[in-house]
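Below is one structure; the comments refer to it alone.
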2 protein chains.
Amino acid sequence: MISYEKLLEQFKTLLRNNQLKFTKQRELILKFLYENDAHFTPEDIYMKLKQHHPNIKIGIATVYRTLSLLEESNIVSSISFGSAGKKYELGLKKHHDHLICTACGKIIEFFDETIEERQKQIAKQFNFHMTDHTMKIVGLCEKCQA
Amino acid sequence: MISYEKLLEQFKTLLRNNQLKFTKQRELILKFLYENDAHFTPEDIYMKLKQHHPNIKIGIATVYRTLSLLEESNIVSSISFGSAGKKYELGLKKHHDHLICTACGKIIEFFDETIEERQKQIAKQFNFHMTDHTMKIVGLCEKCQA
DNA sequence: TCTGTTATTGTAAAATGTTCCATTAAAGTA
DNA sequence: TACTTTAATGGAACATTTTACAATAACAGA
């Protein structure tokens, strides 16, 4: 796993290359996602940041904007299902897909080489330039089947 | 492809079995999706129905509710990407996944037996009872790569 | 360090999506 | 058909997400 210092450098370089600015708010959001390995809604992140950093001003709109920026830059990835809205996680770990329990909301991550390979072939077959792909398996987890 | 009459019967049976009621609004939405083989937002459907059936009252909330109902019943399926919101289509055709062009919004449908099979195996491996699954390949279509 | 330029911010307003509730309409029974 | 029960509806309230805009903060150059 990449260190926070390296991630931060990478983010700063990305911003510089696109004439964007490095702000306290953007750093806070990135750091929060780095330190908390789970899936969060924008509201989750906004509340936690206000709580833990009462001295730094931050608006909910900035959280939404920053998450979109980070997602476009492939630093975070999002997942959504049902009416629950989008949830974000740091996307630097190895690419993976998700199993989602519709009863308890539990999210399990998995990776499957066969599926990855087929996806590449399918994109090729349709002359599609693939930039991203996602797979979700929705259902009931072991506990919730009881 | 199933005929509209058969689809309607199927829908009515489903409603009856769940103590739900068959209404003009629900029929209009089902019919619209049957007759228009493409992906629509709730707003799209709401506007088209108001336009083509000025004599029948319908509210946007009913469109959202009916689409959710139809999706839960596996009669329609939805797809979402980027900030574009959810789009719905009749889901009675054979299950398929999607290629989505981020430049022009074009949606291509495909089906791959290998992927389907792997998904089943993965669900089994995690003791997950799979009720649904989706795959999206996002990128640039042939035209938009130029 | 100071200054000018420009992206970013928070706030408020707009847009989009969901829920509540009183009224209406569907469907079973007589 | 009339009556009764209960689900569905539209509209409004509410919640979530996005956008507009004026003030602010980041950054480059001197």
Side-chain angles (χ1 to χ4, degrees), chain A residues 8-9 11-30 32 39-50 53-73 75-76 78-88 105, chain B residues 8-9 11-32 39-50 53-73 75-76 78-88:
Chain A
L8 196 57
E9 270 322 302
F11 184 42
K12 284 185 179 176
T13 303
L14 175 101
L15 292 172
R16 207 175 310 116
N17 291 344
N18 292 279
Q19 284 96 291
L20 302 176
K21 288 169 182 174
F22 178 70
T23 66
K24 283 192 285 295
Q25 290 82 354
R26 284 176 176 168
E27 174 169 19
L28 275 186
I29 293 167
L30 182 67
F32 176 84
H39 298 81
F40 299 95
T41 64
E43 184 72 17
D44 289 338
I45 297 170
Y46 174 66
M47 295 306 283
K48 292 270 171 81
L49 291 182
K50 288 199 86 161
H53 303 276
N55 47 323
I56 290 176
K57 246 195 169 186
I58 190 163
I60 186 77
T62 296
V63 177
Y64 276 97
R65 283 184 291 227
T66 300
L67 289 171
S68 296
L69 169 67
L70 289 169
E71 187 170 22
E72 282 165 30
S73 311
I75 294 177
V76 311
S78 72
I79 181 175
S80 64
F81 73 99
S83 56
K86 267 191 183 179
K87 289 189 172 186
Y88 293 83
Chain B
L8 196 57
E9 270 323 302
F11 184 42
K12 284 184 179 175
T13 304
L14 175 99
L15 291 172
R16 208 174 309 118
N17 291 344
N18 292 279
Q19 284 95 290
L20 302 176
K21 289 169 181 173
F22 179 70
T23 65
K24 284 193 283 295
Q25 290 82 356
R26 284 177 175 167
E27 175 170 17
L28 275 186
I29 292 167
L30 183 67
K31 196 173 185 197
F32 176 84
H39 298 79
F40 299 96
T41 65
E43 184 72 18
D44 289 339
I45 297 170
Y46 174 65
M47 295 307 282
K48 292 267 170 79
L49 291 183
K50 288 200 83 159
H53 304 273
N55 46 323
I56 290 176
K57 244 193 169 188
I58 189 162
I60 186 76
T62 296
V63 177
Y64 277 98
R65 282 185 291 227
T66 300
L67 289 171
S68 296
L69 169 67
L70 289 169
E71 186 171 23
E72 282 165 28
S73 312
I75 294 176
V76 311
S78 74
I79 181 176
S80 64
F81 73 99
S83 56
K86 266 193 184 179
K87 289 189 172 185
Y88 293 82

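Since we're looking at a predicted model, the values are computed, not measured. The chains referred to below are lettered A, B, ... by the order of the sequence lines, with proteins before strands, and numbering in each begins at 1.
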Could you please name the option among [options] that lies closest to any side-chain atom of [X]?
X     : options                : result
B/K21 : D/dG10, C/dT6, D/dA8   : D/dA8
B/R16 : C/dA7, D/dT9, C/dG28   : C/dG28
A/A61 : C/dT11, C/dT19, D/dA26 : C/dT11
B/T62 : C/dT9, D/dT9, C/dT19   : D/dT9
A/Y64 : C/dG17, D/dT16, D/dC27 : D/dT16

Q: Just call it for B/I58: base, sugar-phosphate, or nothing, with non-hydrogen atoms closer than 4.0 Å on any strand.
A: sugar-phosphate
Q) Is a donor-acceptor pair below 3.5 Å formed from side chain A/K57 to base C/dT9, judging by atom type as modelled? A) no
Measure from [atom1] on [X] to [atom2] on [N] and round the result to the nearest Å.
X     : N      : atom1 : atom2 : answer
A/E43 : C/dG17 : CD    : P     : 18 Å
B/R65 : C/dC20 : CZ    : P     : 11 Å
B/I60 : D/dG10 : CD1   : C1'   : 12 Å
B/E72 : C/dT18 : CD    : C1'   : 14 Å
B/L20 : D/dT5  : CG    : C1'   : 15 Å
A/M47 : D/dA15 : CE    : P     : 13 Å
A/L69 : D/dT18 : CG    : P     : 14 Å
A/F22 : C/dT9  : CZ    : P     : 11 Å

Q. Will you find, in the side chains of A/Q25 and A/T62, an N or O donor that is under 3.5 Å from an N or O acceptor?
A. no
Q) Closer to the 5' end of DNA chain C via nearest nucleotide, is it A/T66 or B/K24? A) A/T66
Q.
Which residue is it: B/Y46, B/F32, B/Y88? I am looking for the one with a ring-ring contact (aromatic ring centres under 6.0 Å, His included) to B/F40.
A. B/F32
Q.
Quick check: do A/I45 and A/T66 have side-chain heavy atoms less than 4.5 Å from each other?
A.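 Contact flag for A/I45/A/T66 side chains = no.
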Q: Locate the shortest heavy-atom distance separating B/K87 from B/T41; write the atom from each residue and the value.
A: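 Scanning both residues, the minimum pair turns out to be CG-CG2, 3.9 Å.
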Q | C/dT5 phosphate, OP1 or OP2, under 4.0 Å from A/Q19 side-chain N/O | A |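 Checking A/Q19 against C/dT5: no side-chain N or O falls below 4.0 Å of OP1 or OP2.
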Q) Distance-only, no hydrogens or angles: does the B/R26 side chain make a donor-acceptor pair with backbone N or O of B/K21 under 3.5 Å? A) yes
